[in-house]
A.B. asks: 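Quick one: the structure is below, questions incoming.
Both counts, for ligands and for their atoms, begin at 1 and track the order of listing.
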Amino acid sequence: MNRIFSGMQPTRQLHLGNYLGAAKNWVALQNDYECIFCVVDLHALTIDHDPETLRNNTREVAAAYIACGIDPARNVLFNQSAVAGHAELNWIFACHTPLGWLNRMTQFKEKAGKQRDNAVLGLYSYPTLMAADILLYHATHVPVGEDQKQHIELARDIAGAFNRYYGKDYFTLPDPVIQGEATRIMSLRDGTKKMSKSDESDYSRINLADDADTIALKVRKAKTDPEPLPETVEDLEKRPEADNLVTILAALTDRTRADVLRDHAGSQFSAFKAVLVDVAVAKLSPISAEMNRLMADKGEIDRILKHGAERATAIAEKTISQVKDIVGLLRV
Ligand code: AMP
Ligand code: TRP
């Protein structure tokens with residue numbers, strides 16, 4: 001059986017990179033796979049956070065999943081901390097993961113920055129918790145953006161190490177699913193940096209909750225170069241900001257960058273941006289309207305998450321019991 005697991009952190013608001021690199025692809029996959037979608041609130045504790053905001057963001061990310069088109073009746077949708085197995089399996093994996101593997105993780109290096117000694121242990125062991133998320137459910141496929149590929153590879157390594165240590169073919173090795181034109185959407189202010197929730201400038205990203213005027217303003221202010229759009233993808237790739245805007249339009253309209261260039265080669269950015277604004281507003285405003293509608297009834301979101309957590313727990317508890325037996329923890 002093929003099973004999907006994926007998640008997003010409830011840190012600030014979701015942005016266009018989260019939508020095009022992840023959520024939009026999840027929506028397409030829900031027809032072909034059994035899917036488990038998680039709001040990874042335990043991961044959000046690895047960076048500075050305010051408790052009340054975290055709780056609110058957790059509901060908001062759940063609302064965003066649904067607003068993007070994920071059907072909570074067909075898929076399991078829950079928040080990570082509601083299922084104890086994630087933290088339990090994280091500990092078991094922490095005892096099977098050499099430090100050398102964690103030292104290679106580029107996300108830790110980026111997030112910890114120069115202040116390594118002040119970075120918290122949870123940030124360092126972020127990838128073992130992520131491996132626990134995936135392996136707890138024996139997921140076969142994990143749809144993510146390009147930036148998470150290294151973490152999925154680590155999850156495979158941990159599964160392999162566990163299986164070898166205990167001489168059992170127990171954990172499934174998950175495959176990353178990195179698809180579409182938009183595996184890496186870049187900042188609107190700097191085409192060499194990825195669009196990120198943690199960027200200080202709100203002009204660097206389009207948030208799913210932005211209204212039409214804000215989207216228009218951000219696109220108009222997006223950094224570009226003075227040349228008109230080129231004819232070929234090869235020429236486009238030499239211009240990071242232009243490439244990013246073309247990629248965004250391609251992904252929003254389910255076309256390739258070559259398709260977009262066929263229509264817009266020779267265009268000035270003023271004209272191209274006007275097209276992009278229309279498309280972005282048309283695609284994103286129904287999502288933000290639906291998010292607002294859902295957020296008006298927090299009780300309903302909580303009911304959906306609770307039901308999802310019950311379904312997830314049923315799978316997770318079985319794995320935890322089996323893992324305890326395998327590693328030698330007494331169950332009385
Ligand atoms: P995060 O916001 O870090 O929790 O990421 C949630 C999901 O969105 C992951 O699958 C990421 O790979 C994806 N993602 C985040 N930022 C981008 C981006 N700039 N471009 C494409 N995908 C992204
Ligand atoms: N680390 C992922 C991110 O920042 C979020 C995440 C946590 C995740 N656990 C996961 C993604 C399990 C896929 C599967 O984007």
Side-chain angles (χ1 to χ4, degrees), residues 3-26 29 35-47 57-58 60-61 64-65 68 70 76 78-81 83 85-87 89-90 93 105-108 110-111 122-123 125-156 158-159 174-199 204-208 240 243-244 247-248 250-252 312:
R3 182 183 276 160
I4 281 201
F5 183 97
S6 199
M8 290 193 204
Q9 299 184 67
T11 39
R12 301 218 205 151
Q13 290 183 338
L14 297 193
H15 53 71
L16 191 63
N18 297 132
Y19 175 62
L20 294 176
K24 184 168 177 284
N25 300 327
W26 300 359
L29 292 165
C35 295
I36 303 176
F37 296 120
C38 186
V39 183
V40 292
D41 50 2
L42 294 174
H43 277 110
L45 299 180
T46 60
I47 56 167
N57 285 350
T58 301
E60 196 164 279
V61 170
Y65 286 1
C68 286
I70 286 161
V76 176
F78 73 109
N79 61 314
Q80 189 186 26
S81 63
V83 178
H86 294 255
L89 192 57
N90 175 48
F93 286 166
M105 296 295 114
T106 52
Q107 182 175 291
F108 175 73
E110 277 165 21
K111 287 197 179 171
L123 188 65
S125 68
Y126 181 111
T128 58
L129 178 60
M130 181 160 159
D133 297 341
I134 299 165
L135 302 181
L136 187 58
Y137 301 97
H138 304 282
T140 53
H141 296 85
V142 186
V144 283
E146 181 70 38
D147 61 328
Q148 294 303 313
K149 194 169 168 212
Q150 195 184 34
H151 288 156
I152 315 285
E153 278 159 8
L154 187 77
R156 290 175 65 91
I158 292 174
D175 284 314
V177 181
I178 296 168
Q179 49 177 200
E181 282 284 305
T183 57
R184 200 173 167 81
I185 296 293
M186 309 311 276
S187 157
L188 299 180
R189 310 298 291 166
D190 177 352
T192 63
K193 259 174 47 187
K194 79 167 180 172
M195 184 178 284
S196 157
K197 291 169 194 162
S198 51
D199 197 310
S204 69
R205 62 184 162 259
I206 293 173
N207 300 307
L208 290 191
D243 192 5
N244 193 36
T247 301
I248 291 172
L252 283 172

A.B. asks: Under 4.0 Å, heavy-atom basis, I'd like to know which part of Thr11 is in contact with ligand 1: side chain, backbone, both or neither.
C.D. replies: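 Within the 4.0 Å criterion, Thr11 makes no contact with ligand 1.
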
A.B. asks: Just heavy atoms, cut-off under 4.0 Å: does Met186 contact ligand 1 by side chain, backbone, both, or neither?
C.D. replies: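 Near ligand 1, Met186 shows nothing, with every heavy atom at 4.0 Å or more.
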
A.B. asks: Mind listing the closest non-hydrogen atom pair of Ile4 and Ala139 along with its distance?
C.D. replies: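 Closest approach of Ile4 to Ala139: C-CB, 4.4 Å.
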
A.B. asks: Considering Asp133, Leu42, Ile152 one by one, which has a heavy atom nearer to atom 9 (N) of ligand 2 than any of the others?
C.D. replies: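 Shortest heavy-atom distance from atom 9 (N) of ligand 2: Asp133.
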
A.B. asks: How far is atom 12 (C) of ligand 2 from its nearest protein heavy atom, and which residue and atom name does that atom have?
C.D. replies: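 Protein heavy atom with the smallest distance to atom 12 (C) of ligand 2: Phe5 CE2, 3.5 Å.
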
A.B. asks: Considering only heavy atoms of His43, which atoms of ligand 2 have at least one such atom less than 4.0 Å away?
C.D. replies: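 So the answer, numbered in order with elements, is 7 (C), 9 (N).
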
A.B. asks: How far is atom 22 (N) of ligand 1 from its nearest protein heavy atom, and which residue and atom name does that atom have?
C.D. replies: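 Minimum-distance protein heavy atom for atom 22 (N) of ligand 1 reads Gly17 O, 3.2 Å.
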
A.B. asks: For atom 4 (O) of ligand 2, find the nearest protein heavy atom and state the residue, atom name and distance (0.1 Å precision).
C.D. replies: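 For this ligand atom, the closest protein heavy atom is Tyr126 OH, 2.9 Å.
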
A.B. asks: For Gln148, is at least one N or O under 3.5 Å away from an N or O on ligand 2?
C.D. replies: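 For ligand 2, there is an N or O atom that lies under 3.5 Å from one belonging to Gln148.
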
A.B. asks: Might you point out which heavy atoms bring Ala312 and Val83 nearest each other, and give the distance in Å?
C.D. replies: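 Minimum heavy-atom contact is CB-CG2, 3.9 Å.
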
A.B. asks: Angle between ring planes, His86 versus Phe5, binned at 30° and 60°: parallel, tilted or perpendicular?
C.D. replies: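 Tilted, since the angle between the ring planes falls between 30° and 60°.
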
A.B. asks: Side chains of Lys24 and Leu252: closer than 4.5 Å at any heavy-atom pair?
C.D. replies: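 When only atoms from C-beta onward are counted, Leu252 and Lys24 do not touch, as no gap falls below 4.5 Å.
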
A.B. asks: Please list, in number order, the atoms of ligand 2 under 4.0 Å from a heavy atom of Val142.
C.D. replies: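 The list of qualifying atoms is 13 (C), 14 (C).
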
A.B. asks: Would you mind telling me if ligand 2 is within reach of the side chain of Ile134, the backbone, both or neither, using heavy atoms under 4.0 Å?
C.D. replies: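 Just the side chain.
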
A.B. asks: Tell me the protein heavy atom at minimum distance from atom 4 (O) of ligand 1, and give that distance in Å.
C.D. replies: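 In this structure, atom 4 (O) of ligand 1 has Gln9 N, 3.0 Å as its nearest protein heavy atom.
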
A.B. asks: For atom 10 (O) of ligand 1, find the nearest protein heavy atom and state the residue, atom name and distance (0.1 Å precision).
C.D. replies: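 It is Gly145 N, 3.2 Å.
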
A.B. asks: Does either side chain, that of Thr128 or that of Asn90, offer a donor lying less than 3.5 Å from an acceptor on the other one?
C.D. replies: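 Present: a donor and an acceptor within the cut-off.
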
A.B. asks: Have Asp41 and Ser81 got a donor and an acceptor in their side chains that come within less than 3.5 Å?
C.D. replies: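 Indeed, the side chains of Asp41 and Ser81 share at least one donor-acceptor pair under 3.5 Å.
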
A.B. asks: List every atom of ligand 1 that sits less than 4.0 Å from any heavy atom of Gln148, numbering the atoms from 1 in the order shown and giving each element.
C.D. replies: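 Every atom of ligand 1 under 4.0 Å from some heavy atom of Gln148: 12 (O).
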
A.B. asks: Among all protein heavy atoms, pick the one closest to atom 8 (O) of ligand 1 and tell me residue, atom and distance.
C.D. replies: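 Here the closest protein heavy atom is Asn18 ND2, 3.1 Å.
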
A.B. asks: For ligand 1, indicate whether the residue His43 contacts it via side chain, backbone, both or neither (heavy-atom separation under 4.0 Å).
C.D. replies: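 No part of His43 is near ligand 1 at this cut-off.
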
A.B. asks: Only heavy atoms count here, so choose which of Asn25, Val144, Asp147 is nearest to atom 11 (C) of ligand 1.
C.D. replies: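 The nearest heavy atom belongs to Asp147.
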
A.B. asks: Do Arg189 and Asp199 sit within salt-bridge range, that is, some charged N less than 4.0 Å from a carboxylate O?
C.D. replies: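 No, no charged N to carboxylate O under 4.0 Å.
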
A.B. asks: Please state which part of Met8 comes within less than 4.0 Å of ligand 1, counting heavy atoms only: side chain, backbone, both or neither.
C.D. replies: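 Under 4.0 Å from ligand 1, Met8 contributes backbone and side-chain atoms.
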
A.B. asks: For ligand 1, which atoms have a heavy atom of His15 less than 4.0 angstrom away?
C.D. replies: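 Contacts of ligand 1 toward His15, numbered from 1: 16 (N).
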
A.B. asks: Who's the nearest protein heavy-atom neighbour of atom 20 (N) of ligand 1, and how far?
C.D. replies: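 The closest heavy atom on the protein side is Ile185 N, 2.8 Å.
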
A.B. asks: Near Gln9, which atoms of ligand 2 are under 4.0 Å from a heavy atom of that residue?
C.D. replies: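 Contacts of ligand 2 toward Gln9, numbered from 1: 4 (O).
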
A.B. asks: Please round to the nearest 0.5 Å and tell me the distance separating atom OG of Ser187 and atom CE of Met195.
C.D. replies: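 Interatomic distance, Ser187 OG to Met195 CE, rounded to 0.5 Å: 7.0 Å.
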
A.B. asks: So that I can tick it off, tell me whether Arg184 and Asp147 are bridged by a salt bridge, with the cut-off set at under 4.0 angstrom between side-chain N and carboxylate O.
C.D. replies: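 Salt bridge: no.
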
A.B. asks: Please list, in number order, the atoms of ligand 1 under 4.0 Å from a heavy atom of Gly21.
C.D. replies: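 In order of number, 21 (C), 22 (N).
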
A.B. asks: Using a strict cut-off of 4.0 Å, indicate which atoms of ligand 1 neighbour a heavy atom of Met195.
C.D. replies: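 Near Met195, the atoms of ligand 1 are 16 (N), 18 (C), 19 (N).
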
A.B. asks: Do Pro143 and Leu29 touch side chain to side chain, with heavy atoms closer than 4.5 Å?
C.D. replies: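 Side-chain contact under 4.5 Å: yes.
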
A.B. asks: Restricting to non-hydrogen atoms, name the atom on Ile178 and the atom on Val144 that form the minimum distance, rounded to 0.1 Å.
C.D. replies: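 The pair with the smallest heavy-atom distance is CG1-O, 3.6 Å.
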
A.B. asks: Number the atoms of ligand 2 from 1 as they appear, then name those within less than 4.0 Å of a heavy atom of Ser6, with their elements.
C.D. replies: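 The list of qualifying atoms is 13 (C), 14 (C).
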
A.B. asks: How far does CG of Leu129 sit from OG1 of Thr46, to the nearest 0.5 angstrom?
C.D. replies: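 Result: 9.0 Å between the selected atoms.
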
A.B. asks: Show me which atoms of ligand 1 lie under 4.0 Å from any heavy atom of Arg184.
C.D. replies: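 Per the distance check, 20 (N), 21 (C).
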
A.B. asks: Less than 6.0 Å separating the ring centroids of His151 and Tyr126?
C.D. replies: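 Here the rings of Tyr126 and His151 have centres that are less than 6.0 Å from each other.
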
A.B. asks: List every atom of ligand 1 that sits less than 4.0 Å from any heavy atom of Lys197, numbering the atoms from 1 in the order shown and giving each element.
C.D. replies: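 Near Lys197, meaning under 4.0 Å from one of its heavy atoms, ligand 1 has 1 (P), 2 (O), 4 (O).
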
A.B. asks: Between Gln80 and Leu42, what is the shortest heavy-atom contact and its length?
C.D. replies: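 Scanning both residues, the minimum pair turns out to be OE1-N, 2.8 Å.
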
A.B. asks: Can any side-chain N or O of Glu146 pair as donor or acceptor with the backbone N or O of Thr183 at less than 3.5 Å?
C.D. replies: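 Not confirmed, Glu146 side chain does not pair with Thr183 backbone.
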
A.B. asks: Can you confirm whether Ile206 sits close enough to Tyr19 that some side-chain heavy atom of one is under 4.5 Å from a side-chain heavy atom of the other?
C.D. replies: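 With C-beta onward as the side chain, the pair stays apart.
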
A.B. asks: Output the list of atoms in ligand 1 that are nearer than 4.0 Å to some heavy atom of Ala22, sorted by atom number.
C.D. replies: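 The atoms of ligand 1 under 4.0 Å from a heavy atom of Ala22 are 7 (C), 8 (O), 10 (O).
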
A.B. asks: Please classify the Val144 to ligand 2 contact at 4.0 Å (heavy-atom distances, strictly less than): side chain, backbone, both or neither.
C.D. replies: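 The side chain, only.
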
A.B. asks: Just go through Gly7, Pro174, Ala131 and tell me whose heavy atom is the nearest to atom 11 (C) of ligand 2.
C.D. replies: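 Going through Gly7, Pro174, Ala131 one by one, Gly7 has the nearest heavy atom to atom 11 (C) of ligand 2.
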
